[in-house]
Amino acid sequence: MPAFYKEWGYRAILSLKKRLVMTPQPRPGVFVGQNSTLELCNTIAHFGFKDILIVTDKPLMELGILNPALARLQERGVNTHIFDGVLPDPTVQLVNEGIACLKQNNCDSVLAVGGGSSIDAAKVIAMAGSNDLTAEQCVGLKKSKVPTLPLFAVPTTAGTGSEVTLVAVVSDNDTHEKLMVADPRVIPSAAALDSEIMRGLPPHITAATGMDALTHAIESYINVWDTEECLAFGRTATKMIFDNIAQACRNGDDLEAREAMALASYFAGLAFSTCLVGYVHAISHQLGGLYSVPHGLGNAMVLPHVLELLKDSASKRLAELAVHTDLGSATETEDALAQKVIDKVWSLNAEIGIPKTTDVIKEEDIDAIVTAALKEASGYPVPRFLERQECEDLVRGLRSPA
């Protein structure tokens, strides 16, 4: 098919999706700062909820991260019921177990504490619980008939922005295919961006999740859909991450850097909720599905490769980011400024320990990876659509030398 007609067809499909994401979306109330989780717990009690389901993972429970929140809720007369079975890339089967736990305990609300996997699982549990659905029945666009159960979130990583987005991702039990639940009703009512709860996050997870947030900020910023508000969020998030991610990795006890990263992740989440993402996510999702590469790490590795390919098409926006982040001056050429942003991403990756390549990619899988990535990216408002050979070369470039 000629490139012109291919792009026209994709853009026509995208115009339908645009109606959903460009519609004004609810935003959670946000508590920010050290021990803001306890303020969120107070608010939950003020709402009058009596039985709340805590959706989290076993490591957080074992480390005692949730103990202060559990104690505060119980002090305020809120009964807590724990579902701590969340694993990375939660499957529909796992989420259905959480739905069963919700119903068994007659919970009237849901609190997610954890990374993107816990928050995504909690979104689907809250939606299914009020709509009498299974996890599988939630997959797709706006499958809810009534509002979800009241949902609250405490992200323990500064990366996914899931506490503010209308999307949750679950995996097929057998194929590990990523399945998307998209509905404005899954956006939490309130969230706590608590630097204290992120203090113990290991450097390699701080690095990967922080670069995940940077990917959200940059991909949404260079996409062809935009609003002045989302562009401002993208610029702000990019600068905050450029200025703070290395320090957060070096010194996890630096709560100022932690708080800046949490806010940056939140702003990036607001940006990509409207302007969406692009080829970085499309490729990274395949690496996660096939090889269980953590999502943030996959995005971090892929981001500079994609930016190099899209530099000419996105030079104006990348140049704006360079000026806003003090990498260059407006007197320089767009091309030079765009390259400075790309070089900054490469150098940040090196500084915080993100590898350039991975040894998990198999040559015999590349065709399937590229096919799936191109299909997914056709649903994003990217600066331009990549040719198949470009995408194949990119994926091969991610493979470690034999």
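Below, each value reflects all heavy atoms present in this structure, side chains not excepted, and no hydrogens, waters or symmetry copies.
Ion pairing of Asp108 with Lys50 is absent here, as no side-chain N (NZ or NE/NH1/NH2) approaches a carboxylate O to less than 4.0 Å. Taking a cutoff of 4.0 Å between a charged side-chain nitrogen and a carboxylate oxygen, Arg258 and Asp254 do not qualify as a salt bridge. Between Asp183 and Lys142, none of the side-chain N atoms (NZ, or NE/NH1/NH2) sits under 4.0 Å from a carboxylate O, so this pair counts as no salt bridge. A salt bridge links Arg72 to Glu75: at least one charged side-chain nitrogen sits closer than 4.0 Å to a carboxylate oxygen.
Without hydrogens or angle criteria, Lys143 side chain to Val139 main chain gives a donor-acceptor distance under 3.5 Å. A donor-acceptor pair under 3.5 Å is formed between the side chain of Thr333 and the backbone N or O of Ala336. In this structure, the side chain of Lys316 does not engage the main chain of Glu334 through any donor-acceptor pair within 3.5 Å. Not a single donor-acceptor pair under 3.5 Å links the side chain of Glu163 to the backbone N or O of Ile119. In terms of modelled atom types and a separation under 3.5 Å, the side chain of Asn105 and the main chain of Cys107 share no donor-acceptor contact.
When each of Thr156, Asp194, Asn42 is checked for a side-chain hydrogen bond (donor to acceptor under 3.5 Å, both in side chains) with Thr37, only Asp194 meets the rule. Each of Lys145, Gln137, Lys103 was scored for a side chain to side chain contact (heavy atoms under 4.5 Å, CB included) with Asp132, with one residue passing: Lys103.
Under the 4.5 Å side-chain criterion, counting only non-hydrogen atoms from C-beta, Leu318 is not in contact with Leu310. Contact annotation: the side chain of Asn299 never approaches that of Met211 to less than 4.5 Å [non-hydrogen atoms, C-beta and beyond]. Ile52 is not listed as a side-chain neighbour of Val110, based on a closest heavy-atom distance of 4.5 Å or more. Residues Glu259 and Gln34 form no side-chain contact, since every pair of their non-hydrogen atoms from C-beta on lies 4.5 Å or further apart. Residues Val124 and Val170 have side chains in contact (heavy-atom distance under 4.5 Å, counting atoms from C-beta outward). No side-chain heavy atom of Gln339 sits less than 4.5 Å from a side-chain heavy atom of Leu337. You'll find the side chain of Val113 stays beyond 4.5 Å of the side chain of Val55, heavy atoms only. Contact annotation: the side chain of Asp335 approaches that of Lys311 to within less than 4.5 Å [non-hydrogen atoms, C-beta and beyond].
Gln286 and Glu376 share a side-chain donor-acceptor pair at under 3.5 Å. Ser144 and Arg185 share a side-chain donor-acceptor pair at under 3.5 Å. Side-chain contact of Thr80 with Gln74: a donor-acceptor pair under 3.5 Å is present, judged by distance alone. Judged by distance alone, the side chains of Tyr221 and Glu320 do bring a donor and an acceptor atom under 3.5 Å apart.
Taking every heavy atom of both residues into account, Pro147 and Asn131 meet most closely at O-ND2, 4.2 Å. Nearest heavy-atom pair across Met261 and Gly210 is CE-CA, 3.6 Å. The two residues Gly115 and Thr157 make their nearest non-hydrogen contact at CA-OG1, 3.9 Å. Nearest heavy atoms, Ala122 versus Leu151: CB-CD1, 3.9 Å. A pairwise comparison of heavy atoms in Gly159 and Ser265 identifies N-OG, 3.1 Å as the closest pair. Nearest heavy atom pair, residue Ala271 against residue Gly234, reads CB-N, 4.1 Å.
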Item to check | Intermediate values then yes/no, side chain to side chain donor-acceptor pair (under 3.5 Å), Lys356 and Ser400 | outcome: CA-CA 8 Å; Lys356 287 186 175 182; Ser400 299; over 6 Å; no

Next on the checklist: Test side chain to side chain contact (heavy atoms under 4.5 Å, CB included) on Ser220 and Val277; report intermediate values, then the result.
Outcome noted: CA-CA 5 Å; Ser220 62; Val277 288; 5.8 Å; no

Checklist entry - What do the steps show when you test Glu351 against Trp346 for side chain to side chain donor-acceptor pair (under 3.5 Å), and what is the final call? => result CA-CA 9 Å; Glu351 183 176 1; Trp346 282 117; over 6 Å; no

Next on the checklist: Let's go through Leu40 and Leu111 carefully: what are the C-alpha distance in whole Å and the side-chain angles of both, what is the deciding distance for side chain to side chain contact (heavy atoms under 4.5 Å, CB included) to 0.1 Å, and is it a yes or a no?
Outcome noted: CA-CA 10 Å; Leu40 175 61; Leu111 170 61; 4.2 Å; yes

Item to check | Asp51 vs Asn106, side chain to side chain donor-acceptor pair (under 3.5 Å): CA-CA, chis, key distance, verdict | outcome: CA-CA 7 Å; Asp51 287 276; Asn106 296 313; over 6 Å; no

Next on the checklist: Applying side chain to side chain contact (heavy atoms under 4.5 Å, CB included) to Glu390 and Asp393, what does each step give before you reach the verdict?
Outcome noted: CA-CA 5 Å; Glu390 291 179 294; Asp393 291 344; 5.8 Å; no

Next on the checklist: For Cys391 and Leu374: C-alpha separation, side-chain torsions, deciding distance, then whether side chain to side chain contact (heavy atoms under 4.5 Å, CB included) applies.
Outcome noted: CA-CA 8 Å; Cys391 198; Leu374 292 175; 4.2 Å; yes

Next on the checklist: Go through it in stages, so that I can follow the logic: the residues are Thr325 and Lys344, the test is side chain to side chain donor-acceptor pair (under 3.5 Å), and I'd like the CA-CA distance, side-chain angles, deciding distance and then a yes or no.
Outcome noted: CA-CA 10 Å; Thr325 57; Lys344 177 67 173 180; over 6 Å; no

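Residues satisfying the side-chain contact (heavy atoms from CB on, under 4.5 Å) test with Ala128, not counting sequence neighbours, are Ile99, Leu133, Cys138. In this structure Phe83 satisfies the ring-ring contact (aromatic ring centres under 6.0 Å, His included) test with no other residue, sequence neighbours excluded. Residues meeting the ring-ring contact (aromatic ring centres under 6.0 Å, His included) test with His324, sequence neighbours left out: none. Remark: Tyr266 engages no residue in a ring-ring contact (aromatic ring centres under 6.0 Å, His included) (not counting sequence neighbours).
Note on ring orientation: taking the six-membered ring where Trp is involved, the planes of His285 and His295 are parallel (angle under 30°, cut-offs 30° and 60°).
Taken to the nearest 0.5 Å, the CD atom of Gln104 stands 10.5 Å off from the CG atom of Leu53. Rounding to the nearest 0.5 Å places NE2 of His281 at 7.0 Å from OH of Tyr380. Atoms CE and CG, on Met240 and Leu263 in that order, are 4.5 Å from each other to the nearest 0.5 Å.
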Please output the side-chain donor-acceptor pairs of residues 362-369 that fall under 3.5 Å, not counting sequence neighbours, one pair per line with the distance.
residue : atom : partner : partner atom : Å
Glu363  : OE1  : Arg396  : NE           : 3.4
Glu363  : OE1  : Arg399  : NH1          : 3.1
Glu363  : OE2  : Arg396  : NE           : 3.2
Glu363  : OE2  : Arg396  : NH2          : 2.7
Asp365  : OD2  : Tyr291  : OH           : 2.6
Asp367  : OD1  : Arg388  : NH2          : 2.6

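Within the structure, side chain to side chain donor-acceptor pair (under 3.5 Å) pairs that include any residue of residues 86-97 comprise Asp89-Lys178, Thr91-Asn173, Asn96-Glu136 (at least two apart or interchain).
In this structure, His81 places its NE2 atom where more than 12 heavy-atom neighbours from other residues, nucleotides or ligands lie under 6.0 Å away. No more than 12 heavy-atom neighbours from other residues, nucleotides or ligands sit within 6.0 angstrom of CD on Glu256.
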